[in-house]
Trainee: 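The structure's right below; bear with me while I get my questions together.
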There are 2 protein chains.
Amino acid sequence: MRTGNVGQPKSGTISAAQNGAETLAEVAYRRLREDIVHNVFTPGQPLRLELLKQRYGLSFSPLREALNRLQMERLVVTAALRGFSVAPVSIEEMWDATETRILIECEALKRSIRNGDDDWEAAIVSTFHALDLQVRRMERRAGELSSDDVAALESRHKEFHHALIAYCGSRRLIDLANQLYTETQRYRLPTLTGENPATSRDIPREHREIMDATLARRSDEAAELLAAHYRKTSELIESSMSGDGAAVA
Amino acid sequence: MRTGNVGQPKSGTISAAQNGAETLAEVAYRRLREDIVHNVFTPGQPLRLELLKQRYGLSFSPLREALNRLQMERLVVTAALRGFSVAPVSIEEMWDATETRILIECEALKRSIRNGDDDWEAAIVSTFHALDLQVRRMERRAGELSSDDVAALESRHKEFHHALIAYCGSRRLIDLANQLYTETQRYRLPTLTGENPATSRDIPREHREIMDATLARRSDEAAELLAAHYRKTSELIESSMSGDGAAVA
DNA sequence: ACATGCGATATTTTCGAAAGCAATACGTCT
DNA sequence: AGACGTATTGCTTTCGAAAATATCGCATGT
């Protein structure tokens with residue numbers, strides 16, 4: 001089965017769990033989520049276990065465990081005895097996810113503004129800066145964006161938005177925000193990598209305004225800006241989805 | 001394996017799935033959730049698979065699938081290679097669940113008030129009435145409350161609160177509300193079945209006021225009343241938890 | 001006595017195969 | 001020819017056992 005460290009020294013009392021061991025079910029979970037979010041599978045596509053088994057080199061059990069978890073995250077749907085499929089996408093679903101995300105993150109942002117200390121502010125400034133750098137780097141050499149660049153951009157973007165709400169004091173709000181981030185990512189990524197319709201949009205500026213209002217502790221304004229930021233994105237995706245009938249489910 | 005309907009007629013083209021077939025994983029999920037919510041297992045208790053296998057007469061696979069789903073619902077926690085445990089309870093967790101529930105349900109209620117039609121109003125009136133009847137029935141013969149009565153009360157209570165938000169138009173908000181209902185149920189039930197400290201609380205009246213404000217389409221007032229209703233419950237549970245150090249984790 | 005390493009046991013995790021359904025293709029009957 | 005029932009096929013779901021890991025007890029040495 002696991003053939004990893006068979007002949008290796010037992011390394012004393014340090015257990016694999018303490019070492020950050022990862023079960024195969026967790027591997028399956030991460031890789032499947034990654035592939036679904038990045039549209040490696042078509043929305044609605046049945047996820048045949050035989051296929052997944054080959055693709056990931058895993059067996060039924062860990063795959064099924066992962067699929068069950070992803071089902072609870074709305075990335076996978078399942079019908080009684082007919083297996084799993086990639087959750088379909090639709091404009092309605094996108095807006096439901098977006099508006100729910102706004103509800104959650106605006107509340108979390110307001111609470112963060114109440115609770116945040118110096119470390120919180122520092123993390124916001126720092127993650128904003130990293131994001132900004134990456135954006136400029138990619139603007140400079142547009143046209144030839146490597147997948148590493150796109151991945152880095154996604155990371156910085158996620159880290160910035162996480163930093164804003166990190167001090168809300170609610171594990172649930174943070175987890176929900178992360179989950180909704182992942183859900184909406186499915187809609188954002190195709191637009192991001194596809195042609196950017198030279199939109200009259202200055203995203204770095206939007207981020208800066210959110211940061212400024214946040215650091216100035218202007219709760220309501222910051223929340224309004226954050227909501228507008230997300231709605232604007234969804235509107236652009238909506239028109240790009242209905243414009244060219246590309247990814248409309 | 002499944003020995004259910006082996007020799008039975010195939011009943012034409014009607015498939016099991018159309019009949020509402022249920023996989024064993026779903027059975028495991030429902031029964032485990034039921035038992036965790038009703039504190040059949042102690043919070044924090046390890047859920048040994050051998051035990052569950054015996055208790056439910058199921059095998060590893062469906063049990064593990066159910067546990068993975070429950071983990072995503074925060075009813076079960078898991079450590080790398082150390083199996084599953086019942087999620088611990090604490091006053092902090094209860095308040096996080098309560099306040100998140102308030103955020104979700106108040107928003108859903110406001111949207112329902114915007115969207116609700118005659119059927120919506122009818123369902124609210126009807127479920128309120130059913131709940132009220134059950135409460136009075138149980139008040140009449142207090143002391144000797146059967147577990148059926150308690151179960152019926154829980155059902156009516158859930159149905160009423162569901163009816164309020166049913167027309168919010170967001171699958172996500174409804175599902176989150178259901179999930180948080182289940183989470184908070186773990187805290188409510190022990191207090192409910194235990195001694196009721198003859199509190200100066202008129203719950204039917206609180207419900208009626210929420211209903212009245214809702215049907216009169218007074219959004220903000222209805223949301224305020226709903227939030228106060230949930231907070232009051234959590235406050236009573238908190239004092240009962242810290243008073244007698246019973247269920248404090 | 002205390003820490004450390006080793007062995008035995010309990011438990012989780014994973015696998016491969018068997019069993020059970022669903023969907024389809026086929027044949028039979030009217 | 002069309003409808004109905006029946007095998008066939010492919011997939012999901014479930015099982016029981018094997019492998020990997022954690023945990024506990026014990027001995028050994030300092």
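Every chain is numbered from 1, with letters handed out A, B, ... down the list of sequences. Keep in mind that what you see is a predicted model, and the values were worked out from it rather than measured. Heavy atoms only: backbone and side chains are in, while hydrogens, waters and symmetry mates are out.
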Trainee: Going by ring pair (Phe, Tyr, Trp, His ring centres under 6.0 Å), name the residues that satisfy it together with B/H38, two or more places apart in sequence or in a different chain.
Mentor: none

Trainee: What residues from residues 47-56 of chain A pass a heavy-atom cutoff of under 4.0 Å to DNA chain D?
Mentor: A/L47, A/R48, A/L49

Trainee: Does A/F84 have any ring pair (Phe, Tyr, Trp, His ring centres under 6.0 Å) partners at least two apart in sequence or in another chain, and if so, which?
Mentor: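 Result, ring pair (Phe, Tyr, Trp, His ring centres under 6.0 Å) vs A/F84: none returned.
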
Trainee: My understanding is that only residues two or more places apart in sequence, or in another chain, count here; which of them pass side chain to side chain donor-acceptor pair (under 3.5 Å) with A/T233?
Mentor: A/R201

Trainee: Under the rule for side-chain contact (heavy atoms from CB on, under 4.5 Å), what residues qualify as partners of A/S147, not counting sequence neighbours?
Mentor: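 So A/S147 forms no side-chain contact (heavy atoms from CB on, under 4.5 Å) with any residue.
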
Trainee: Holding to ring pair (Phe, Tyr, Trp, His ring centres under 6.0 Å), I want the full list of residues that pass it with B/Y29, two or more places apart in sequence or in another chain.
Mentor: none

Trainee: Considering residues at least two apart in sequence or located in another chain, which fulfil the salt bridge (Lys or Arg N to Asp or Glu O under 4.0 Å) criterion with B/E73?
Mentor: none

Trainee: Measure CG/B/L58 against P/D/dG16 and give the value in whole Å, please.
Mentor: 11 Å

Trainee: Can you name the salt bridge (Lys or Arg N to Asp or Glu O under 4.0 Å) partners of B/R186, sequence neighbours left out?
Mentor: none

Trainee: Does a side-chain N-to-carboxylate-O contact under 4.0 Å join B/R156 and B/E159?
Mentor: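 Salt bridge present between B/R156 and B/E159.
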
Trainee: Near DNA chain C, under 4.0 Å by heavy atom, which residues of residues 60-73 of chain A?
Mentor: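 Of all residues in residues 60-73 of chain A, the ones placing a heavy atom under 4.0 Å from DNA chain C are A/F60, A/S61, A/P62.
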
Trainee: Could you tell me which residues satisfy side chain to side chain donor-acceptor pair (under 3.5 Å) with A/N178, sequence neighbours excluded, listed by chain and number?
Mentor: none

Trainee: Can you list every pair that meets salt bridge (Lys or Arg N to Asp or Glu O under 4.0 Å) and has a residue in residues 146-155 of chain A, with sequence neighbours left out?
Mentor: A/R141-A/D149

Trainee: Look at B/R82 and D/dT23 and indicate whether a side-chain polar atom (N or O) is within less than 4.0 Å of OP1 or OP2.
Mentor: yes

Trainee: Closest to the B/L81 side chain: D/dA22, C/dA23, C/dC15?
Mentor: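 Nearest nucleotide to the side chain: D/dA22.
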
Trainee: Measure the distance from CG on A/L24 to P on D/dA20 and round it to the nearest whole Å.
Mentor: 11 Å

Trainee: Where the side chain of A/F84 is concerned, which of C/dA23, C/dC15, D/dT13 is the nearest nucleotide?
Mentor: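 Output: D/dT13.
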
Trainee: Quick one: do A/R171 and A/D175 make a salt bridge, cutoff under 4.0 Å?
Mentor: yes

Trainee: Atom pairs, N/O to N/O, protein against nucleotides 7-9 of chain D, distance under 3.5 Å?
Mentor:
none

